[in-house]
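Just so you know, these numbers come straight off a predicted model, no measurement behind them.
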Amino acid sequence: MPHEPTTPEPAAQATSTYARYVDTMTSLAPGLNDVTPAYRAYVEMIAQLSDQDLGTAIYDMSSTLYLIERLHADETQSLRDRIAIGRAALQQRIVAAGGHAVPHPDLLIDLEQRTSIQKRIDVLRELEGLVPEAELRPALALVQREPEWVAHAGKLAALARKYGGKIAEIVARGVVKAAVGSPVLRIVEREPDRLAPQQTTISTGDAT
């Protein structure tokens, strides 16, 4: 009979999952390389959780950690390690899926990319002669004490909105956001949906 492909036994799948998450733990959570068998078992356990359940577990543990630290700051290392392992695993899952967030009914779970605003003075000086001097100088000025050019991103954005066209194009080239470091996993409670329909009571006119 021809050889038929076989499906890995559950034990083999668990072993593969365990190995993958150990790799995740050591690559994304430095300092946890020499964990105890209990923590290795924890890594294996979280491999079985869905993304939503893992996000909920991390959030709950973080909330518990905050409360414990207020009373027993010296007893938190075990929980800190568990949170770090869980965060590393969940971040790896998000990256592997090619996305940047996990859908969750109660929590906002996403990779938050920190950015910095870069102001390209050589580009922004193209605004000179296009924007009235009295409006431009609060947004872009040469400080004589240094001397150096100082640009105000918010005021430049206001000029771009006001005039549009070439002025907006120069501001877009001259004030750019650049990524800083690697994305950081954020898990916070969702804000209430302010657009959710409100329950209303309809009077039938039958009040006594």
Under the 3.5 angstrom rule, does the side chain of [X] hit a backbone N or O of [Y] as a donor-acceptor pair?
X: R114; Y: V184; result: no
X: R87; Y: L185; result: yes
X: Q52; Y: V102; result: no
X: Q91; Y: P183; result: yes

In terms of hydrophobic clustering (I, L, V, M, F, W, Y; side-chain heavy atoms under 4.5 Å; direct or indirect links), are [X] and [Y] co-clustered?
X: L90; Y: V95; result: yes
X: L140; Y: L142; result: yes
X: L49; Y: Y59; result: yes
X: I167; Y: I121; result: yes
X: V188; Y: L65; result: no

Step-by-step side chain to side chain contact (heavy atoms under 4.5 Å, CB included) determination, L107 to R190: CA-CA 5 Å; L107 302 175; R190 282 189 178 278; 5.5 Å; no
First locate atom [atom1] of [X], then atom [atom2] of [Y], and finally report the distance between them rounded to the nearest 0.5 Å.
X: H100; Y: L111; atom1: NE2; atom2: CG; answer: 8.5 Å
X: Q48; Y: D53; atom1: CD; atom2: CG; answer: 12.0 Å
X: S63; Y: I68; atom1: OG; atom2: CD1; answer: 11.0 Å

Derivation and outcome, side chain to side chain contact (heavy atoms under 4.5 Å, CB included), residues R80 and M61: CA-CA 9 Å; R80 285 180 177 277; M61 286 190 294; over 6 Å; no
Least distance between heavy atoms, [X] atom then [Y] atom:
X: Q113; Y: A179; result: NE2-CB, 3.6 Å
X: L124; Y: V171; result: CD2-CA, 4.2 Å
X: A134; Y: P138; result: O-CD, 3.2 Å
X: I46; Y: A89; result: CD1-CB, 3.7 Å

Contacts of type salt bridge (Lys or Arg N to Asp or Glu O under 4.0 Å), residue R120, not counting sequence neighbours: none
Are side-chain heavy atoms of [X] and [Y] found at a separation under 4.5 Å?
X: L130; Y: I170; value: yes
X: Q118; Y: V175; value: no
X: H104; Y: I187; value: no

Identify all side-chain donor-acceptor contacts of residues 150-165 below 3.5 Å with residues at least two apart in sequence or on another chain.
| residue | atom | partner | partner atom | Å |
| --- | --- | --- | --- | --- |
| H152 | ND1 | G154 | N | 3.3 |
| H152 | ND1 | K155 | N | 3.0 |
| K162 | NZ | E135 | OE1 | 2.9 |
| Y163 | OH | E135 | OE1 | 3.0 |
| Y163 | OH | E135 | OE2 | 2.6 |

Where at least one partner belongs to residues 174-187, residue pairs that pass salt bridge (Lys or Arg N to Asp or Glu O under 4.0 Å), sequence neighbours excluded: D110-R186, E112-R186
